[in-house]
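I have placed the structure first, in the form of structure tokens, so that the comments after it can refer back to it.
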2 protein chains.
Amino acid sequence: MEHVAARAGVSRALVSIVFRGVPGASEATRERVLAAARELDYRPDTRASRLGSSRTRTLGVTFSVGHAFHGDLLESLYTHADAAAYELVLSGVTPSRSEEAAVETLLAERCEGIVLLGSSQSTAQLTRLAGRVPVVSVLRPSSVEDVGVVRTDDGAGLRLAVEHLRSLGHTRIALLDGGRTAGGAERRRGYRTAVRRLPALSEIVLPGGLSELEGAAAALAFLDLSPRERPSAVAAFNDRCAIGFIDVVRQHGLRVPDDVSVVGFDDITEAGYPHVALTTVRQDAEQLGVEAVRALADRLDGSAATAPARVVIQPELVVRSSTARPSEVESPRPRPDLS
Amino acid sequence: MEHVAARAGVSRALVSIVFRGVPGASEATRERVLAAARELDYRPDTRASRLGSSRTRTLGVTFSVGHAFHGDLLESLYTHADAAAYELVLSGVTPSRSEEAAVETLLAERCEGIVLLGSSQSTAQLTRLAGRVPVVSVLRPSSVEDVGVVRTDDGAGLRLAVEHLRSLGHTRIALLDGGRTAGGAERRRGYRTAVRRLPALSEIVLPGGLSELEGAAAALAFLDLSPRERPSAVAAFNDRCAIGFIDVVRQHGLRVPDDVSVVGFDDITEAGYPHVALTTVRQDAEQLGVEAVRALADRLDGSAATAPARVVIQPELVVRSSTARPSEVESPRPRPDLS
DNA sequence: GATCTGGACTAGAGCGCTCTAGTTCTGGCT
DNA sequence: AGCCAGAACTAGAGCGCTCTAGTCCAGATC
């Protein structure tokens, strides 16, 4: 910085002014400084600038490395943090690096706010964290008052899925359950509500989970059922679970959607591939990112100490080719309008 | 820090000594300081410590968000950077955030070294970057002299795949090509070498790519071939491509491995799932991570200014259930030992 | 011509650490 | 007692920025 200032014939303070883009420098000087910086290949040291200023304008994000949907969210977060003049600091969660450790490094970086993607921290941990710094939990609801929540209406998503299947004529609709993972409880609840509300449905819950592996296991359980008790449709916890399920039932000679209809959740990129063409409940990654940034930015920049945001985004059903009317065997009375 | 020092009844310098874990404090004081810090919920500010010390002991990593294999690599990098007493700073590459931008933020953080996962930067860009800071390119070779390279022997990997298929009796073995992506050229070369070296093989290259989508497209091209000219086995650019291919050929009534054998590349987690059981060429993420950290740590810590590392890790064939002997139609002479 | 105004610029004190060059204290040895 | 080594601890100057409180000066106002 010293060198740039000398080269441009100004003080260090002026260089700072130019690089922060604040008013206080004439156009001519601005260009002279920028030119000098370019020649010297100088770029401001973010560590030092964060130290010097009272604000770090930095948002920390914990995410699971290799998780496809988290990738989509990160993309959105990058874009909107940038627009709100915040920088993102990423901290990955891996099997050997806990979410707590990830959060710890973010705190040590003095991030002004923290975004947790699919957090699995306990209420106690979240409470403690939220006491230190504004926190928003994305994808996973939390009862902690100080924690902002930005999520999809998981319950509504499952209701959409079940209603879609029911409207096609299915009466035996199973849930491939997500258990204790982020959103699992809400989706299960949504499924139950829909099953109760709609006529002629009974509740069938098969253990599922986050990945293809659990979907495949659920398919085995499904195939073990006698054809009489076998559901004609399933709503999976997520797309990957649905894909694993479909893979296995197909390998056992069943056709999708002819023999069994399947709907997923998330709308990951793969679900839209023509050869997959999965009917699914779409979570809007873009929107979730927007709201997460907004939730923190509002609290940080806002004059009023607003309460933490609680944003619930409505999901949308995307109908592709993994769902259809049940085959004759399933629907007792032959329909006249089969065409 | 001030407060902690006061509470423990020592100077700030002592607190620094304790937190850096360097000798110079008695056991009693050490515990007193730690206790005081715990009570005050204090943790050192990494920005400030990096600023104060001459070394930042920080390694920057660019990676594609949502890329499964990059996730595996990150996990390994985290572990081994930690062991070498380095911190990791992640910078994600997304469709809207270029690798250049990602690198730029790492430079501004004053990382001491940079790890590029699957870089797609030009030689010119890499040359410029390597002039500023030690760089190691993981997964993608580079002719730039100053850039360290840690990669799998992609060529050998494809030779393994082809040899495996040939030894099963296949003579029409196609490559689902990866084009210009990281490793694409080397794998193509390995395929060609193997095809030339082994008897009775001819070269069949179908356009493939990084994802299931390209695999699916390749499958369509494959199915368009007349049964006579149709290969009995394919070596795919990677696992995801292989999975897309398998999906589509199965949907068209072909059986894998009975009608066509398929081998992938990478050994992503999914490949090992029982319902997928993909025969594949395994890249050792753990080892790649170890070597990437070592390559940088050696240059940074080493007294001698060693030349950048060029590490090539040998891949390993993992045989699962997507490969088998060709069916009768394919092998002209009936074998006596079919059992 | 004196006064005022506002834009352009600078001096220098932080920010929260690290680290060198000390000082002080303890205990062992002659 | 006198001396000394080494462990334990401290003072204070950075690190590369930011930011407040200025200074300086050209031009407008009366």
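Note on naming: letters A, B, ... go to the chains in the order of the sequence lines (proteins, then strands), and numbering restarts at 1 for each one.
At D/dC19, one or more side-chain N or O atoms of A/Arg20 fall inside 4.0 Å of OP1 or OP2 (strictly under the cut-off). Contact annotation: B/Ser26 does not reach the phosphate of D/dA7 (side-chain N/O to OP1 or OP2, under 4.0 Å). An OP1 or OP2 oxygen of C/dC17 is reached within less than 4.0 angstrom by no side-chain nitrogen or oxygen of B/Ser49. Put simply, B/Thr29 has a side-chain N or O that comes within less than 4.0 Å of OP1 or OP2 on D/dC9. In terms of phosphate contacts, B/Ser53 brings no side-chain nitrogen or oxygen within less than 4.0 Å of OP1 or OP2 of C/dT18.
Judged by distance alone, the side chain of A/Ser76 and the main-chain N or O of A/Glu286 form a donor-acceptor pair under 3.5 Å. Of the possible polar contacts, none joining the B/Arg140 side chain to the B/Ser137 backbone as a donor-acceptor pair under 3.5 Å is found.
Here the C1' atom of nucleotide D/dG16 and the CG atom of A/Leu40 are 15 Å apart, to the nearest Å. The interatomic distance linking B/Asp45 (CG) with D/dC15 (P) rounds to 18 Å, in whole Å. Taking atom CG of A/Leu14 as the reference point, atom C1' of C/dC9 lies 6 Å away to the nearest angstrom. What separates CD of B/Glu2 from P of C/dT18 is a distance of 14 Å, to the nearest Å. If you take CD of A/Glu109 and C1' of C/dC17, they are 14 Å apart, rounded to a whole angstrom. For the pair A/Glu31 CD and C/dA8 P, the computed distance is 14 Å after rounding to whole Å. The CG-P distance, from A/Leu51 to C/dC15, rounds to 10 Å in whole Å. Taking atom CZ of A/Arg55 as the reference point, atom C1' of D/dC19 lies 15 Å away to the nearest angstrom.
Residue B/Val10 is in sugar-phosphate contact alone, with no base atom involved, counting any heavy-atom pair closer than 4.0 Å across all strands shown. Backbone-only engagement by B/Tyr42 is indicated by non-hydrogen atom pairs under 4.0 Å involving sugar-phosphate atoms exclusively.
Under the 30°/60° scheme for interplanar angles, the aromatic rings of B/Phe63 and A/Phe63 are found to lie parallel.
Here the side chain of A/Arg110 is nearest to one of C/dC9, D/dC17, C/dC17, namely C/dC17. Comparing D/dG16, D/dC17, C/dT10 by their closest approach to the side chain of A/Arg12 singles out D/dC17. Of the candidates D/dT18, C/dA11, C/dC15, D/dT18 carries the atom nearest the A/Met1 side chain, counting heavy atoms from C-beta on.
Side-chain contact between A/Leu59 and A/Val89: absent, with no pair of heavy atoms (C-beta onward) separated by less than 4.5 Å. Using a 4.5 Å heavy-atom cutoff, the side chains of A/Gln283 and A/Arg151 are not in contact.
Ranked by how close their nearest DNA chain D nucleotide is to the 5' end, B/Ala48 and A/Ala13 are led by B/Ala48.
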